[in-house]
Structure formats: structure tokens, C-alpha cells
A.B. asks: 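Structure below; questions to follow.
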Amino acid sequence: MPKRATKVMLNEKEQEALEHLTRRHRSEQQQAQRARIILAAAQGSSNAQIGRELALDVDAVRLWRDRWVGLQGIDLETLSVAERLQDAPRPGAPPKFTAEQRCQMAAFACEAPMKAGRPISQWTGREIADERVKQGIVEQISARHAS
């Protein structure tokens, strides 16, 4: 037997904020779509009905309904409606280089090899990698990622 959809209850502020998100011209379309899901769920529509009306997969509707209900105990001052409708952090390895390191590497790649004391006319990936480590920009980097 299929699981019944979780009941969504909205207070006045949440309702207004969701409606505002759907009407704003500058709203991200993903957030506006998610707001429509929550508004329809609050009106008592089933996941299947919402999916048909919004041309979405029923699993996506279920995900956002359940996520909204899971966050309802948190007040709007702590977690705004827009923040509730953002993507969850994605899994994966953290970035190896900071934004500052990437900027330093980009600036360095624009310099002539002679300026760095290299007796070559053009950088190779290996030369760039070696020089970046030598200058202390990064601890280690492959030739493939350096160029």
C-alpha cells in the first residue's frame, strides 16, 4: 500500500513568502517551482496530483514536501523560506585549492617563464606545476591540473 503524503500546514508568513517567491520575476526558477509544490501540498493535493499539474516526477514532489515538513519546526527568522527551498549540499571531495590559490595560479600562468627565472620561452604543464610548488602557492599539483 502506498505511503500517504505528509500533511503540510503553512502559517500566514510562510504562505505569503511562498506566494511571493512564485510571483517574483527575479526568483530562481527551481525555488519558484519548489514553492509551487509546497503551496499545492498545503491545499491538500496529493503528490501525484502535484506532479501532474506541475509536470514533475512524483519522487521530486515527495522529496520537497517531506523536506519542507522536516524544517517546519524552525522559525522563519532562523531559516527563511528561500533557504528552506535551496538544494542540499552535494557529496564529494572538498576542493583542493582555495579561491585565492586559484587566482594566484591564474595570474602566474600569464607571466612569461623568463620572469620566473626559467630559461624557456613557453610554459609546459610540468614546468608550471613545479614553479607553483616552488613558490609555495600549493603543496602539490599535477601537471594536468597546473596548465
Side-chain angles (χ1 to χ4, degrees), residues 3 5-42 45 47-48 50-147:
K3 178 186 165 199
T6 310
K7 181 120 174 94
V8 174
M9 302 286 287
L10 298 176
N11 63 38
E12 193 175 316
K13 284 184 178 182
E14 291 171 333
Q15 178 88 23
E16 288 173 9
L18 287 165
E19 289 173 354
H20 179 71
L21 256 177
T22 62
R23 289 191 309 261
R24 260 184 46 202
H25 294 290
R26 298 182 134 225
S27 291
E28 290 182 28
Q29 289 307 298
Q30 283 183 324
Q31 283 192 342
Q33 185 77 290
R34 293 165 187 170
R36 287 185 200 95
I37 291 170
I38 303 307
L39 287 168
S45 299
N47 292 338
I50 297 169
R52 281 190 301 272
E53 289 171 16
L54 300 177
L56 295 171
D57 185 72
V58 70
D59 291 331
V61 174
R62 184 178 305 110
L63 171 100
W64 286 103
R65 177 193 292 256
D66 291 344
R67 190 174 292 176
W68 181 269
V69 170
L71 296 172
Q72 275 193 304
I74 302 169
D75 63 70
L76 287 177
E77 287 76 36
T78 304
L79 191 67
S80 72
V81 167
E83 290 170 328
R84 293 170 196 230
L85 299 176
Q86 288 180 346
D87 283 329
R90 304 252 180 199
K96 293 191 185 308
F97 307 114
T98 66
E100 183 179 345
Q101 286 174 314
R102 286 194 305 272
C103 289
Q104 289 174 339
M105 289 189 285
F108 172 75
C110 295
E111 293 178 5
M114 294 288 201
K115 189 173 180 184
R118 299 279 180 144
I120 54 175
S121 60
Q122 289 186 346
W123 288 112
T124 65
R126 181 76 265 145
E127 292 275 345
I128 290 174
D130 290 344
E131 191 63 30
R132 288 178 179 168
V133 171
K134 180 180 160 189
Q135 290 184 351
I137 296 173
V138 294
E139 287 183 31
Q140 68 181 45
I141 188 168
S142 69
R144 185 175 138 239
H145 288 103
S147 51

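We're numbering straight along the sequence, starting at 1.
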A.B. asks: Can you confirm whether R144 is buried at CZ, in the sense that more than 12 heavy atoms of other residues, nucleotides or ligands lie under 6.0 Å from that atom?
C.D. replies: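 No - once you tally the heavy atoms of other residues, nucleotides and ligands closer than 6.0 Å, there are 12 at most.
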A.B. asks: Can you list everything that forms a side chain to side chain contact (heavy atoms under 4.5 Å, CB included) with E111? Sequence neighbours excluded, please.
C.D. replies: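 If we apply the side chain to side chain contact (heavy atoms under 4.5 Å, CB included) test to E111, skipping adjacent residues, the hits are F108, K115.
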A.B. asks: What residues, two or more places apart in sequence or in another chain, satisfy side chain to side chain contact (heavy atoms under 4.5 Å, CB included) together with R52?
C.D. replies: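 R52: side chain to side chain contact (heavy atoms under 4.5 Å, CB included) contacts with A48, Q49.
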A.B. asks: At what distance, to the nearest 0.5 angstrom, does NZ of K96 lie from CD of E139?
C.D. replies: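 One gets 11.5 Å once the value is rounded to the nearest 0.5 Å.
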A.B. asks: Enter the distance from D87:CG to Q31:CD here, rounded to the nearest 0.5 Å.
C.D. replies: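 D87 atom CG to Q31 atom CD measures 8.5 Å (nearest 0.5 Å).
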A.B. asks: Determine, stepwise, if the pair V8 / L10 fulfils side-chain contact (heavy atoms from CB on, under 4.5 Å).
C.D. replies: CA-CA 7 Å; V8 174; L10 298 176; 4.1 Å; yes
A.B. asks: Measure the CD1-CZ distance between I38 and R67 for me, rounded to the nearest 0.5 Å.
C.D. replies: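 Atom-to-atom, I38:CD1 and R67:CZ are 10.0 Å apart.
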A.B. asks: Report the residues that fulfil salt bridge (Lys or Arg N to Asp or Glu O under 4.0 Å) with R132, sequence neighbours left out, ordered by chain and then residue number.
C.D. replies: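 So R132 forms no salt bridge (Lys or Arg N to Asp or Glu O under 4.0 Å) with any residue.
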A.B. asks: Kindly state each residue pair satisfying ring-ring contact (aromatic ring centres under 6.0 Å, His included) with at least one member in residues 125-147, sequence neighbours excluded.
C.D. replies: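 Listed by first then second residue: nothing to list.
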A.B. asks: The criterion is side chain to side chain contact (heavy atoms under 4.5 Å, CB included); which residues satisfy it with Q33, sequence neighbours excluded?
C.D. replies: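 Checked Q33 against side chain to side chain contact (heavy atoms under 4.5 Å, CB included); matches are R36, L54, L56.
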A.B. asks: Output the distance between atom SG (C103) and atom CE (M105), rounded to the nearest 0.5 Å.
C.D. replies: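 With rounding to 0.5 Å, SG (C103) is 9.0 Å from CE (M105).
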A.B. asks: Applying side-chain contact (heavy atoms from CB on, under 4.5 Å) to I128 and I141, what does each step give before you reach the verdict?
C.D. replies: CA-CA 9 Å; I128 290 174; I141 188 168; over 6 Å; no
A.B. asks: Quick one: which residue pairs count as a ring-ring contact (aromatic ring centres under 6.0 Å, His included) with a foot in residues 10-41, not counting sequence neighbours?
C.D. replies: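 Residue pairs passing ring-ring contact (aromatic ring centres under 6.0 Å, His included), neighbours aside: none found.
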A.B. asks: Applying side chain to side chain donor-acceptor pair (under 3.5 Å), can you list everything that pairs with R126, at least two apart in sequence or on another chain?
C.D. replies: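 Scan of R126 (side chain to side chain donor-acceptor pair (under 3.5 Å), adjacent residues dropped) gives D130.
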A.B. asks: With sequence neighbours left out, what residues match E14 under side chain to side chain donor-acceptor pair (under 3.5 Å)?
C.D. replies: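 Expected list: none.
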A.B. asks: Can a donor-acceptor pair be found, under 3.5 Å and without considering hydrogens, that links the side chain of R65 to the backbone of T6?
C.D. replies: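 Flag set: sc R65 to bb T6 pair under 3.5 Å.
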A.B. asks: Sequence neighbours excluded and cut-off under 3.5 Å, please list the side-chain donor-acceptor pairs for residues 71-82, or say none.
C.D. replies:
unit_1: Q72; atom_1: NE2; unit_2: M9; atom_2: O; d: 2.2
unit_1: D75; atom_1: OD1; unit_2: E77; atom_2: N; d: 3.0
unit_1: D75; atom_1: OD1; unit_2: T78; atom_2: N; d: 2.9
unit_1: D75; atom_1: OD1; unit_2: T78; atom_2: OG1; d: 3.0
unit_1: D75; atom_1: OD2; unit_2: T78; atom_2: OG1; d: 3.3
unit_1: S80; atom_1: OG; unit_2: E83; atom_2: N; d: 3.2
unit_1: S80; atom_1: OG; unit_2: E83; atom_2: OE1; d: 3.4

A.B. asks: Run the side chain to side chain donor-acceptor pair (under 3.5 Å) test against Q15 and tell me which residues pass, sequence neighbours left out.
C.D. replies: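 Q15 satisfies side chain to side chain donor-acceptor pair (under 3.5 Å) with E19 once adjacent residues are dropped.
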A.B. asks: Please list, chain by chain and in numerical order, all residues satisfying side chain to side chain contact (heavy atoms under 4.5 Å, CB included) with A35, sequence neighbours excluded.
C.D. replies: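 A35: side chain to side chain contact (heavy atoms under 4.5 Å, CB included) contacts with L18, L21, T22, L85.
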A.B. asks: Taking all heavy atoms of P119 and all of M114, pick out the closest pair and write down the distance.
C.D. replies: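 So the two residues come closest at CA-SD, 4.4 Å.
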A.B. asks: Between the main-chain N or O of T98 and the side-chain N or O of Q101, is there a donor-acceptor pair closer than 3.5 Å?
C.D. replies: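 Yes, because the side chain of Q101 sits within donor-acceptor range (under 3.5 Å) of the backbone of T98.
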A.B. asks: So which atom in W123 and which in A109 form the shortest heavy-atom distance, rounded to 0.1 Å?
C.D. replies: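 Heavy atoms only, the tightest pair is CD1-O, 4.1 Å.
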A.B. asks: Just grab all the ring-ring contact (aromatic ring centres under 6.0 Å, His included) pairs involving residues 56-106, residues at least two apart or on different chains.
C.D. replies: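 Not a single pair qualifies under ring-ring contact (aromatic ring centres under 6.0 Å, His included).
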A.B. asks: Looking only at non-hydrogen atoms, find the nearest pair between I50 and A40 and report the distance.
C.D. replies: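 Heavy atoms only, the tightest pair is CG1-CB, 3.6 Å.
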